[in-house]
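In what follows, a single structure is set out as structure tokens and then discussed.
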Amino acid sequence: MNLTTRYLGFKLRTPLVPSASPLSEKIDNIKRLEDAGAAAVVFHSLFEEQIHRDHHDLNYYLEQGTESFAESLTYFPDRAEFKVGPEAYLEHIAQAKAAVGIPIIGSLNGSTFGGWLGYARQIEQAGADALELNIYSIQSDPDVRGEDIETHYLNILAAIKAEVKIPVAVKLSPFFTNFARFAREADRNGANALVLFNRFYQPDIELETLEISPNILLSTPMAMRLPMRWIAMLYGRIGANLAATSGIHRATDALKMLMAGADVTMLCSILLRRGIDHIRVIEHEICEWMEEHEYESVEQLKGSMSQKNCPDPSAFERAQYMRALQTYPAAEI
Amino acid sequence: MNLNTVERVGLERQNPPGRRITKTRYKTLDANEAVARIAYALNEVIAIYPITPASPMGEWADAWSSRVVKNLWHTVPEIVEMQSEAGAAGVIHGALQTGALSTTFTSSQGLLLMIPNMYKIAGELTPTVFHVAARSIAAQALSIFGDHSDVMAARATGWAMLCSASVQEAQDLALIAHAATLESRIPFLHFFDGFRTSHEISKIVTLSEEVLREMINEERVHEHRARALSPDHPVIRGTAQNPDVYFQARETVNPFYVACPKIVQRTMDRFAELTGRRYGLFEYHGSTDAERVVILMGSGCEAVHETVDFLDAQNEKVGVLKVRLYRPFDAQAFVKMLPSDVRCIAVLDRTKEPGAGGEPLYLDCVNALCEEGRRDVRVVGGRYGLSSKEFTPAVIKAVFDNLAKQSPRNHFTVGIDDDLSHTSLDVDRNFSIETADVVRAQFFGLGSDGTVGANKESIKIIGENTDYFAQGYFVYDSKKSGAMTISHLRFGPRPIRSTYLISKANFVACHQPVLLETCDVLKDLAPSGTFLLNSPLGPDRVWGRLPEAVQRRLIEQRAKFFVIDGNKVARDAGMGGRINTIMQTCFFATSGVLPAQDAIEAIKNSIRKTYAKKGDEIVQMNLRAVDESLAHLYQVEVPDAVTPGTSGPNGELKRAPEFVRNVLGEIIAGRGDRVPVGALPNDGTYPTGSAQWEKRNLASEVPVWDPAVCIQCGKCVMVCPHAVIRSKAYEAAVLHGAPSSFKSAEARFPEWKGLKYTLQVAVEDCTGCGICVDVCPARNKSEARLKAINMQPQLPQRERERENWNFFLSIPEMDRRQVSTDHVRKMQIQQPLFEFSGACAGCGETPYIKLLTQLFGDRLIIANATGCSSIYGGNLPTTPYTKDANGRGPAWANSLFEDNAEFGLGFRVSLDKQQEFAGELLQQLSPQIGRRLTTEIVNARQRDEADIFDQRERVAELKRRLESIGGPHAKRLLALADTLVRKSVWIVGGDGWGYDIGYGGLDHVLASGHNVKVLLLDTEVYSNTGGQCSKSTPRAAVAKFASGGKRGPKKDLGLIAMTYGNIYVASVAMGARDEHTLKTFLEAEAYDGPALIIAYSHCIAHGINMTTAMQNQKAAVNTGQWLLYRYNPERVQLGENPLHLDSSAPHTKVADYFKLEQRFKMLEMSEPRAAKELLAQAQADVNARRALYEFLATRKFNATPNS
């Protein structure tokens, strides 16, 4: 069975790519991912905000309580230097590149314009084959217009494209007033791929302690519906590759995404839940299904159920509640 | 890593090495660093142990070693931290015996611990140098400050003693000492004044590698190695000798001592050839026909030097003789240096030798003059400068004036008012010799605002960017929280010899407006001087809000006045409360010490250099602050008249007892220097309960109680490090007459039904740490962000809550017999007898001590090891230990660092013996006293509050009866009667004491079986001296002396103690389980034998958020990094396993805990590979330890003792 696909200019053995997750934090895991059949690996994100926070923490705690009391004018030894930047992350990329043959895709979440550019350049220099931009922030200022936010995102993208030579994917959230327009603009500003969609930490309320606990839950297969819709609608309408992420747990999920138009299907929650070797299972089941249904290659089925190619294109544009209302007999309303 | 060693320690390579190396390279640094550079470059083995003020020398050596910096011979010295100075001396002795070039650094008590080895090292003619930051010896009190008491105690050891008077000399003589010891084979003690020189920042000429090479004779190094012990050419040393030959053998070394002074002088001469800086064994400065000469050594020489210049310019004919080589004392050289016309000499000693015919240097000089035929010279001796007492030109002039008298006073003191023995010379305090061409600046700040750090940078900027010489000296507070700092900076065209504080400042900055209310900030402002104030009030509003005395002073001095809202600029720049960069910029902008533009550029360069290692974000933040500072700096027009404004600092003192008011109050007010001898206790005994009078008003925000939300759990009361949150349950009738704002609620517990409950905050004593709010479990039902206590601004509440606090104090404490101690929520209404200490805001130690005093305070005697707990527990001016309404409370004493367990055992055996004797007398007098009372007293159980209350009643009755009985036996028993009431002896100290320096004693005392209790406050570092590694430091933690992360595991002190089988041992963490902590204290006290409680104490040295630090304790327990357990030998008798493992199996990883603390995170940032390895090992440690404890705790026991 020919499972090969093209993504970000790379010919990948299969469309199964582990997405940004803690799994990439260990070189051993990356090797195991490759052994299990991962076609590429997206690294966990380098968070500029975290780096800044670390700088401030270091500065604060090195100075806390100092020069106050004659016997303890400092509390820590004098160090010539600290690796307070992205050194560990970059070194990790270099080590991963040396350890495996599959493409390594760096991931970046910046918080300042300079940070986006600087870290993108450093990730490229560290040897990453491509870069995934993890663009999103919670905007709570009512004076900021949606249009300005979109422009800001696009400016970042354009600037990074001008800064680095490696392919650049953009991982997006679905929270745009008109996502189709933004996807097109991202495409026009040089995005080599759109990764749909990002999932975020969401706050929860602890009833016993009355505290807010931000965390992220592993996805369920239901999460794939939203990205599948948009992949189906964008397929064939933009030049950028499309990567499906969220809720892909089974071979059938991956197949649906590919049929909707995804070039790759990204795995995370299922690997965290079932282990790295589960990639083999999914790949095997994809092959079985395709053989059973007499498909010859991924390229053959890719986009076959996209809005452009499916039997009922309008189905992708219907809102859910409309569909629900229509299912009830009129007399019962 | 292949760093060029000597460059990294500040030595410069120069080519080609010539006879005279003249290239001048300046550096601005303190003597500790200057000396450490030389010692590091010239040694292979360096043993270290922390002691103030010498610790930084060891810290530098350790830091350089961890950076793989190499010495002169391009090898990295081996740095060994020992368990005590005695251990360090032992290591050095051994290293020297086997041929390594070896050194150490110490001070004060540390030097005393080295003395036994020093005799050996000298007796064996072994070359080495010990560098000593000379400091007072603990006598009536400990002092960390400088004098020569310590080195004088070592003068009989046979070591050469070389004294440096300045930072420049400290560097130069450090080299001369190392060179001379190799030549002479006499070991050298090189010393300089603690703090005044060790911590003074000064611009000096540094030494190059070539100078070091030229100075060190490699042949002598080879000879040293050839003398080393080796099985290849075996010899023995350290024999035992008998009356037949010991004496003769002791005399064999004489030729070496005879030769030594000449060797030192030759070495000095060689140094002069190489550097141009000339030193002598004795150095005279002054008029060639001087009639009056002062002789002294150390930093005071510098002040006398410049005073002599001033006086000679007025034809006074005076001079100073500086002593550099004190031992061997070369009498001929000494006498030769004196001017021939000298008529009268004053020899000044910076030490006191009670009962001696005179102080040591004085006696040496008298002897030399006698032996060398100069009996014509009149010699007097005097003491000055003990414990860094100011030694100013005014004081020096008083000494010269004394010499001018017909009959100069001998054995005088100077610089103090001795109204007791009338030894002191009169001093004209207005005498000053400060010159106009020296810029003198004073800065008043708080430790937390970064003032001192900024000033150190300013000195470096000026020192290294201009031709100016620079000097910085810093005066710190005796408190660790809200500590005030005063920086004294001088800049001038000549080397600065003013080794005393500034008394006429042409620039004064006050970085915290609150200090204007608490101290006389403008006392030293010179006429037409500049005053810079950080204030939230703008240029239009600030004047009227200044205290009237401040306004008056500004008008009188015709001052230029500038104001900036530095805190706003800092906040806007993202710097929080650190106003250092802002105020530094304003100093340069207003002082005129440098052209403004040059200064700003220099500041920016300094910022780039200083903060680069912390990340560009931090650099940019500071650069922004510089620019914003200038935009927010305003000059304020000083009007001609005072505007009615604020006045009056602490009014509470007026209500205090006389001694507190008149003596301690003067110290609080910053006038301690003026307290006369006669006002002070002669044996170091001070009253307790004095901290309550020192209202420091440190906190900008304080906790405010919401009775409607409070569940009265007592947790906030328990964790409050400064005992400012109190609770009481009381009859409702008490509230009659309460202030209208006084809050109360119905007491919630059934036992207290019908009573009222109040949680009251002493807002004027609060440090604002917020740890109480963090632990509060109750939340407001409608606004969950609010708890039962919430931080609110202090100022609007100050007056109201002062009144409420005083009313709260008037409410009677609940009868201790009625207070149940089985739960935190109930026992926390017990009165703490430890309050308002000077510990850090959010301190992790003090809640345990407070708990101790709540439970047993009225019968408690504490032996306290030196360290944080002895400083916040016993540093003047005020003491936190206090008394209850009956006048009972903890009695407290500190002996030493190393002997605390033994000290406490002494308490126990003494009390037990006296109790036994009292019992014997009681039996003897039983017929007269009454058999029933006698029997009741003898048989009293004294297990709980009620028992003890009853026993006190009986003893009171006994005393009454004894008064009427009369006779010698009754009198004896009367003196001992109080010992019949049980006393609780607790030995308190930190891990530096218990794990390291005092471990041997602690082990012995615990093993003795005596009924002593040990509270070991485990911060896992030497907190008081700045966070040096101890054997308690956990693996992977970065600490001083473990710059690369602690490689070994933490010592399991509890497990070791358990092996004896008869010691109650517990490990607690209040932040993890407060009820468990309470239970262990009660069990330990109840156990009839020795007990050890190891208490996890979070610490500022961990690099943590002190507000949420109790969560760190919880995380340590949740990860298994810290175990909770109780080992109670009594359970064995019941056939039970004595060990209860009280913390559940870890449910998170050690890594989760490490992420909370900078001491672990730092290693990731500096050495990520090592961090990863050590983290894995740390996790393995935790797993293995947990498994071991689970095994031990689940073993089957039968009822056989000693199972």
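The figures that follow rest on heavy atoms only: side chains count, while hydrogens, waters and symmetry mates do not. Keep in mind that this is a model prediction, so the values were computed, not measured.
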(message) The test is salt bridge (charged side-chain N to carboxylate O under 4.0 Å, His left out); show your working for A/Asp78 and B/Arg67 and say whether it passes.
(response) CA-CA 10 Å; A/Asp78 184 62; B/Arg67 289 185 217 162; 2.5 Å; yes
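- No more than 12 heavy-atom neighbours from other residues, nucleotides or ligands sit within 6.0 angstrom of OH on A/Tyr60.
- Both the backbone and the side chain of B/Thr1025 come within less than 4.5 Å of a heavy atom of chain A.
- Around the NZ atom of B/Lys1172, the shell of radius 6.0 Å holds no more than 12 heavy atoms that belong to other residues, nucleotides or ligands.
- Within the 4.5 Å cutoff, the side chain of B/Glu617 has no heavy atoms near those of the A/Ile51 side chain.
- Of all heavy-atom pairs spanning A/Ala70 and B/His199, the tightest one is O-NE2, 4.4 Å.
- Interface remark: B/Ala1101 contributes backbone and side-chain atoms alike to the contact with chain A (heavy atom separation under 4.5 Å).
- In this structure, the portion of B/Phe195 lying under 4.5 Å from any heavy atom of chain A is its side chain and not its backbone.
- To the nearest 0.5 Å, atom CG of residue A/Asp57 and atom CE of residue B/Met1165 are 7.0 Å apart.
- Using a 4.5 Å heavy-atom cutoff, the side chains of B/Lys456 and A/Glu67 are in contact.
- Across B/Glu1167, B/Arg1159, B/Met1106, B/Met1162, the residue that shares the most heavy-atom pairs under 4.5 angstrom with chain A is B/Met1162.
- Heavy atoms closer than 4.5 Å to chain B are found nowhere in A/Ala88, neither backbone nor side chain.
- Between atom CD of residue B/Glu1164 and atom CZ of residue A/Phe82 there is a gap of 12.5 Å, rounded to the nearest 0.5 Å.
- Interatomic distance, A/Tyr61 OH to B/His1102 NE2, rounded to the nearest 0.5 Å: 13.5 Å.
- The closest side-chain donor-acceptor pair between A/Ser72 and B/Lys480, if any, does not fall under 3.5 angstrom.
- Chosen from B/Gly1027, B/Ser1043, B/Ser481, the residue pairing most often with chain A at heavy-atom distances under 4.5 Å is B/Ser1043.
- Heavy atoms of B/Tyr611 lying under 4.5 Å from chain A belong exclusively to its side chain.
- Closest approach of A/Phe76 to B/Val1038, counting heavy atoms only: CE2-O, 3.8 Å.
- Taking a 6.0 Å sphere around CZ of A/Arg274, one finds it holds 12 or fewer heavy atoms contributed by other residues, nucleotides or ligands.
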(request) Just do the side-chain contact (heavy atoms from CB on, under 4.5 Å) check on A/Phe69 and B/Ile871 with the steps written out, would you? (result) CA-CA 11 Å; A/Phe69 184 68; B/Ile871 297 301; 3.4 Å; yes
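- Only the backbone of B/Ser1023 comes within contact range of chain A, with at least one heavy atom under 4.5 Å from a heavy atom of that chain.
- If you tally non-hydrogen atom pairs under 4.5 Å between each of B/Met484, B/Met621, B/Gln1028 and chain A, the highest count goes to B/Met621.
- Chosen from A/Glu211, A/Glu63, A/Glu87, the residue pairing most often with chain B at heavy-atom distances under 4.5 Å is A/Glu63.
- Heavy atoms of other residues, nucleotides or ligands lying less than 6.0 angstrom from CD of A/Glu49 number 12 at most.
- Side-chain contact between A/Asp54 and B/Lys1161: present, with at least one pair of heavy atoms (C-beta onward) separated by less than 4.5 Å.
- Contact between B/Gly447 and A/Ser68 at its shortest, heavy atoms only, is CA-OG, 3.0 Å.
- Distance check, rounded to the nearest 0.5 Å: CG of B/Asp616 to NE2 of A/His52 gives 8.0 Å.
- For chain B, no part of A/Ile212 is nearby; none of its heavy atoms comes within less than 4.5 Å.
- For B/Pro53, no part sits under 4.5 Å from any heavy atom of chain A, backbone or side chain.
- Your options are B/Val475, B/Asn1024, B/Asn1105, B/Ile144, and the one with the most heavy-atom pairs under 4.5 Å with chain A is B/Asn1024.
- Evaluation of the ring-ring contact (aromatic ring centres under 6.0 Å, His included) rule for B/His1098 yields no partner, not counting sequence neighbours.
- Atom CD1 of B/Ile1104 is separated from atom CD of A/Gln64 by 7.5 Å, given to the nearest 0.5 angstrom.
- In this structure, chain B has a heavy atom under 4.5 Å from the backbone of A/Thr209, while its side chain stays farther away.
- The NE2 atom of A/His56 lies 10.0 Å from the CE atom of B/Met575; values are rounded to the nearest 0.5 Å.
- Only the side chain of A/Glu91 comes within contact range of chain B, with at least one heavy atom under 4.5 Å from a heavy atom of that chain.
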